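All values below were derived from every heavy atom in this structure, side-chain atoms included, with hydrogens, water molecules and symmetry-related copies excluded. The sequence lines fix the lettering, A, B, ..., with proteins before strands; numbering per chain opens at 1. These numbers were taken from a predicted model, which means no experiment stands behind them.
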Number of protein chains: 2
Amino acid sequence: MSNNRIKDLNEFADVFKALSNPHRLQIFLRLVSCCKPGTVSYVDAESSAYVGELGEELGVVKSTVSHHIKELKRVGIIRTERQGQRIACWVDPEIVEALKDFFTR
Amino acid sequence: MSNNRIKDLNEFADVFKALSNPHRLQIFLRLVSCCKPGTVSYVDAESSAYVGELGEELGVVKSTVSHHIKELKRVGIIRTERQGQRIACWVDPEIVEALKDFFTR
DNA sequence: TCTATTGTTCGACATATTTCGAACTATAGG
DNA sequence: CCTATAGTTCGAAATATGTCGAACAATAGA
């Protein structure tokens, strides 16, 4: 099925769209530091951030941050987990690998 | 100047935006095969394509292809050169390197 | 249970994007 | 000089995106 190719194409297009907004790209860069080998699935203060923090850093209101987080999550760039009152966010290391591979060939 | 960071950020955001449209991403993938070492700045039938060809492959009218090509060019993803009546297009190998580096760290 | 904190959802609005077709420009070849 | 081919520019229309503020939901702690 060459349908797979189209699916892949559109999925990558979606990922790039998610990264095409400066605020979302900033969120990505802020979070991506956790993707060193060894911290892969471990979430702590340095490898993740809370929605509120991200909003302050970006200078946008929380509803907008929430919207961006949702989009980044939808396309598989970040993962989230509730920790008490707050939601921790981190980049999925697999997507970074996939993107690296995408440009390596 | 940490202004550089913002400039970089917005430039990368622009590149991702250019790749976020499925038609433009298809053009990129169609052209990127030329980025093997050795064909770096050489434009020939296999490493480039003409605007008209790309349009047929995508199923969009030429004015739309022209628009997409212009955008891909604006952000530095592709380069073009007139060859007689036609315009040859190819991916700038440097941007592929930059993108690879972007996801490697 | 009441309150403060944190985040989500929703509606509204302004702006940007994608695409088309028509008109225009550039080049090659009689 | 005329004509065909290839591409660009422009204007219009439909759709998508980014952002805010208000209202709502979940959690922790007194």
Side-chain angles (χ1 to χ4, degrees), chain A residues 6 9-31 43-45 48-90, chain B residues 6 9-31 43-45 48-90:
Chain A
I6 301 214
L9 181 97
N10 285 322
E11 279 175 15
F12 272 108
D14 267 0
V15 169
F16 293 133
K17 183 168 298 180
L19 296 176
S20 77
N21 176 277
H23 285 152
R24 284 194 300 262
L25 187 54
Q26 252 176 292
I27 293 174
F28 172 79
L29 291 173
R30 167 72 171 70
L31 296 178
V43 182
D44 67 355
S48 67
Y50 299 102
V51 173
E53 281 180 73
L54 295 171
E56 279 177 41
E57 291 172 21
L58 299 178
V60 296
V61 300
K62 58 189 181 167
S63 61
T64 301
V65 179
S66 185
H67 171 72
H68 286 321
I69 293 288
K70 194 176 172 185
E71 186 57 18
L72 288 166
K73 206 175 154 185
R74 187 183 71 80
V75 304
I77 292 176
I78 70 171
R79 297 175 155 281
T80 64
E81 182 185 272
R82 180 172 278 279
Q83 291 180 353
Q85 288 169 288
R86 306 191 284 177
I87 308 280
C89 314
W90 68 98
Chain B
I6 302 213
L9 181 97
N10 286 321
E11 279 174 15
F12 272 108
D14 267 2
V15 169
F16 293 134
K17 182 168 299 180
L19 296 177
S20 77
N21 175 278
H23 285 153
R24 283 194 300 261
L25 187 55
Q26 250 176 294
I27 294 174
F28 171 80
L29 290 173
R30 167 72 171 71
L31 295 178
V43 182
D44 67 355
S48 67
Y50 299 101
V51 173
E53 282 180 72
L54 295 172
E56 278 177 41
E57 291 173 21
L58 298 179
V60 296
V61 301
K62 57 189 181 167
S63 60
T64 301
V65 179
S66 186
H67 171 71
H68 286 321
I69 293 287
K70 195 176 172 185
E71 186 57 17
L72 287 166
K73 207 175 155 186
R74 187 183 71 79
V75 304
I77 292 177
I78 70 171
R79 298 175 155 281
T80 64
E81 183 185 272
R82 181 172 278 278
Q83 290 180 354
Q85 288 168 289
R86 305 192 284 175
I87 308 282
C89 315
W90 67 98

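- Rounding to whole angstrom units, CG of residue B:Leu54 and C1' of D:dA6 are separated by 13 Å.
- Of the residues in residues 17-28 of chain B, B:Lys17, B:Asn21, B:His23, B:Arg24 come within less than 4.0 Å of DNA chain C through at least one heavy atom, sorted by number.
- If you take NE2 of A:His67 and C1' of D:dA16, they are 10 Å apart, rounded to a whole angstrom.
- Summarising the geometry of A:Gln85 relative to A:Arg82, their closest heavy-atom pair is O-NH1, 3.3 Å, with the distance given to 0.1 Å.
- Side-chain contact between A:Leu72 and A:Leu31 is absent, with no heavy atoms from C-beta onward closer than 4.5 Å.
- A heavy-atom distance below 4.5 Å is not found between the side chains of A:Arg86 and A:Gln83.
- Between A:Cys89 and A:Ile78 the shortest heavy-atom distance is CB-CD1, 4.3 Å.
- If you take CD of A:Gln83 and C1' of C:dT5, they are 16 Å apart, rounded to a whole angstrom.
- Of the residues in residues 68-75 of chain A, those lying under 4.0 Å from DNA chain D by heavy-atom distance are A:His68.
- Between B:Arg24 and B:Lys17, the shortest heavy-atom contact is NH2-O, 3.3 Å.
- In the region residues 59-66 of chain B, proximity to DNA chain C at under 4.0 angstrom, judged on heavy atoms, holds for B:Val60, B:Val61, B:Ser63, B:Thr64.
- Atom NE2 of A:His68 sits about 10.0 Å away from atom CD of A:Gln26, to the nearest 0.5 Å.
- Rounded to whole angstrom, the span from the CZ atom of B:Phe16 across to the P atom of C:dT17 amounts to 17 Å.
- The existence of a salt bridge linking B:Arg30 and B:Glu57 is confirmed by a sub-4.0 Å separation between a basic side-chain nitrogen and an acidic carboxylate oxygen.
- Minimum interatomic distance between B:Phe28 and B:Ile77 (heavy atoms only, all atoms of both residues): CD1-CG2, 3.7 Å.
- Taking atom CZ of residue B:Arg86 and atom P of nucleotide D:dA4, one finds them 19 Å apart after rounding to whole Å.
- For the pair A:Glu81 CD and D:dT27 C1', the interatomic distance rounds to 15 Å; values are reported in whole Å.
- In this structure, CG of A:Leu58 is placed 9 Å from P of D:dT19, rounded to the nearest angstrom.
- Closest heavy-atom contact between B:Ala13 and A:Leu25: N-CD2, 3.6 Å.
- Contact of A:Gln85 with C:dT5 (side chain to base): a donor-acceptor pair of N or O atoms is detected under 3.5 Å.
- Nearest approach of B:Ile87 to B:Thr80, heavy atoms of both residues: CG2-CB, 3.7 Å.
- Using a 4.5 Å cut-off on side-chain heavy atoms (C-beta onward), A:Leu58 and A:Thr64 make no contact.
- Look at CD1 on B:Ile87: it is 14 Å from C1' on D:dT9, rounded to the nearest Å.
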